[in-house]
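This report concerns only the one structure given below.
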Number of protein chains: 2
Amino acid sequence: MTKQPKYRQLADALRREIDNGTYPPGARLPSESELAARFEASRNTVRSGLNELVTQGLVASSQGLGYEVIKHEVFQLNASRFENLSFPQTGDAYSTDVTNAGRQPSQTFRVEMQPAPEYAAERLKVPAGATTVLRFCHRFVDDVPWSTQATHYPEWLLEKGPRLTEPGDIAEGTTRYLAGLGVEQVGYFDEIATRMPTPDEARLLEMGAGVPVMLWTRTGYSATAPIRCTVTTFRGDLNRMNYEIGDLSARSEDVVQ
Amino acid sequence: MTKQPKYRQLADALRREIDNGTYPPGARLPSESELAARFEASRNTVRSGLNELVTQGLVASSQGLGYEVIKHEVFQLNASRFENLSFPQTGDAYSTDVTNAGRQPSQTFRVEMQPAPEYAAERLKVPAGATTVLRFCHRFVDDVPWSTQATHYPEWLLEKGPRLTEPGDIAEGTTRYLAGLGVEQVGYFDEIATRMPTPDEARLLEMGAGVPVMLWTRTGYSATAPIRCTVTTFRGDLNRMNYEIGDLSARSEDVVQ
DNA sequence: TGCATCAGCTTGTACCAACAAGTTGAGCAA
DNA sequence: TTGCTCAACTTGTTGGTACAAGCTGATGCA
């Protein structure tokens, strides 16, 4: 074991104390100057160590307040069931999942006609820059920012579903609305990626700079063509994506060897 | 637009120059002292700005060498096809995916009998601490560390598949091996999460501390019981997880409106 | 030629100082 | 009591200095 620099020893010591409950989630750490006295280090060195914990998403700092141990609370999102089609639902998939978890969903909407960005054009099989309907959605759970969602629809869909451009929510969910008009989503292709948030994303989701985002890109297909491309951006520390595939009857039952 | 601190202005300027190709992937940034002169800032301020870029995974620094712009080449992993069952394969799912991408896979193996950690016990429906077979695998693509994989099998499976404890690879893939013994995986439950790497993970995967990891937990089920729980840890910046669900015939065809 | 050494570059660690800016609670005034 | 001000805390930003440690190429010796 090679000798670690002082700021890292400090970070490791604090990490241990957070793990073992000396500083439980929600608790405040001692101030920088107190830690400096305890570890016989300068304030800058203490800040280097604390910065490591912030980067790892264990604590968050606020000017004037101090450092607070973050509480993580993971929210499970079931991504693989067939949206709105396999069983009855009243709202969209998000509201359903959140409500089932006993939480309060809310969201703000924005609808625009936009030239398709490269990723959307490619997936929707339209020329780059072609006009698309963009429905943008900023979602909250119990008033905490949870995700942003941008869905591009190809322009030709408007002939069949003019309400796509209506500002505001479509109560029964857009997938269900389109299915009622004969444009049924029969399959989808999901891509899941992760990266550090852009400054914009960090601001929108009110997340620490050291927490990754999860990007969920879903391209929905009718029997003949792609009909939508949705990119959802989650706080990575608060969400988990689930897929159920194949026969899972053994999952819910008691185990029989 | 409020005034940003100097170190952030510096980070934003460099980020733009990386994006627009002034510093392409693999290029070296100017040294800290050169940047200090250019931005009329102290070396400490420059380091704060560069640290932001490191945290966001855009650049990496090495002592004595300088700052290098990271090149990321994303590897797509198809997670939803039915492993080894729906079509013939020669090796395991990983080798197949990597080879199909024209890359050279390699891996190191380790097999142990281990008490089940909490997450595995829960998913395998065995008591916490019950003995399980742990097959641990460290995978490389073109000799670059790519992922670690830890699979727990319940102990009762050994009666049917004793080769599980053999050190070294099982050539045809464990899932296929078990299927040949009558323990067929008929479904699986996937969970995908993301977080910052632990120091150990950062070392094993040779990744910057500012790059998130992607955790892929797959629990496989036979018709009657869970038969394995696999946790794969990826570099988040180099991997993307794909799921194909439902009828995707429209995906590969030319579009017909 | 071949090899060891070292100067001169790079980043890493650690310290000090000063002031800006956000938060809170004590205490005073209406 | 209510409400305001302000002192005393907190972290945020920016400057400075010094030395440690890693890398590279030039230099010079064998």
Side-chain angles (χ1 to χ4, degrees), chain A residues 1-14 18 23 26-70 199 202-203 206-211, chain B residues 1-14 18 23 26-70 199 202-203 206-211:
Chain A
M1 188 62 179
T2 59
K3 186 185 183 305
Q4 291 283 313
K6 195 187 277 189
Y7 76 93
R8 187 156 296 156
Q9 293 176 26
L10 184 148
D12 289 343
L14 288 177
I18 290 172
Y23 301 110
R28 263 187 54 189
L29 295 185
S31 72
E32 292 176 352
S33 39
E34 284 174 308
L35 290 172
R38 171 179 160 194
F39 289 97
E40 294 179 355
S42 73
R43 192 182 149 216
N44 279 346
T45 302
V46 171
R47 283 179 65 80
S48 293
L50 287 170
N51 184 54
E52 207 174 82
L53 300 184
V54 172
T55 296
Q56 292 170 357
L58 272 82
V59 304
S61 67
S62 348
Q63 198 168 351
L65 279 175
Y67 290 80
E68 184 176 324
V69 181
I70 301 229
R203 188 174 42 77
E206 291 177 19
M207 54 195 293
V211 178
Chain B
M1 188 64 178
T2 58
K3 186 184 182 306
Q4 292 283 312
K6 197 188 275 190
Y7 77 92
R8 187 157 296 156
Q9 293 176 25
L10 184 148
D12 289 343
L14 288 177
I18 290 172
Y23 301 110
R28 263 188 52 192
L29 294 185
S31 73
E32 292 176 351
S33 38
E34 285 174 306
L35 290 172
R38 171 178 161 195
F39 289 97
E40 295 180 353
S42 73
R43 194 180 150 219
N44 278 344
T45 304
V46 171
R47 283 178 66 80
S48 293
L50 286 170
N51 184 54
E52 209 174 81
L53 300 184
V54 172
T55 296
Q56 292 173 356
L58 273 81
V59 304
S61 67
S62 358
Q63 197 167 350
L65 278 175
Y67 290 81
E68 184 176 327
V69 181
I70 301 222
R203 186 173 44 77
E206 291 177 17
M207 58 194 291
V211 178

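Chain A is the first sequence line, chain B the second, and so forth, proteins listed ahead of strands; every chain is numbered from 1.
- Both B:Glu32 and A:Lys6 lie near DNA chain C, and the one whose nearest nucleotide falls closer to the 5' end is B:Glu32.
- Taking the salt bridge (Lys or Arg N to Asp or Glu O under 4.0 Å) definition, one finds that A:Arg28 meets it with nothing, sequence neighbours left out.
- In this entry the distance linking CG of B:Leu10 with C1' of D:dG15 reads 15 Å, nearest Å.
- Interatomic distance, CD1 of A:Ile70 versus CG of A:Leu58, reported as 8.0 Å (0.5 Å rounding).
- In this structure, B:Phe39 places its CZ atom 17 Å from P of D:dT13, rounding to the nearest Å.
- B:Leu50 has its CG atom 14 Å from the P atom of D:dT14, to the nearest Å.
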Could you write nucleotides 18-24 of chain D as a row of B, S and -, 5' to 3', where a protein heavy atom under 4.0 Å of any base atom gives B, of only sugar-phosphate atoms gives S, and otherwise -?
B-BBBSS
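- Within 4.0 Å (heavy atoms only), B:Ser48 reaches no atom of the nucleic acid at all.
- How far OH of A:Tyr67 is from CG of A:Leu35: 9.0 Å, rounded to the nearest 0.5 Å.
- Taking the side chain to side chain donor-acceptor pair (under 3.5 Å) definition, one finds that B:Glu34 meets it with B:Ser31, sequence neighbours left out.
- Contacts of A:Glu68 classified as side-chain contact (heavy atoms from CB on, under 4.5 Å), with partners at least two apart in sequence or in another chain: none.
- For DNA chain C, the contact window with chain A, defined by any atom under 4.0 Å from a protein heavy atom, covers C:dT13 to C:dT24 in 5' to 3' order.
- Residue A:Ser62 is in sugar-phosphate contact alone, with no base atom involved, counting any heavy-atom pair closer than 4.0 Å across all strands shown.
- Look at A:Tyr67 and you'll find a side-chain N or O under 4.0 angstrom from OP1 or OP2 of D:dG12.
- Regarding B:Arg8, its CZ atom lies at a distance of 6 Å from the P atom of D:dT13, rounded to whole Å.
- With sequence neighbours excluded, the residues forming a side-chain contact (heavy atoms from CB on, under 4.5 Å) with B:Ala13 are B:Arg16, B:Phe39, listed by chain and number.
- Residue contacts for B:Glu40: at a heavy-atom cut-off of 4.0 Å it reaches the sugar-phosphate backbone alone, with no base atom in range.
- When heavy atoms are screened at a 4.0 angstrom cut-off, B:Thr45 is found touching the sugar-phosphate backbone but no base atom.
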Tabulate below the donor-acceptor pairs under 3.5 Å that side-chain atoms of residues 45-52 of chain A make, not counting sequence neighbours, or state none.
from, atom 1, to, atom 2, distance (Å)
A:Thr45, OG1, A:Ser42, OG, 3.2
A:Arg47, NH1, A:Glu32, OE2, 2.8
A:Ser48, OG, A:Asn44, O, 3.3
A:Glu52, OE2, A:Arg8, NE, 3.3

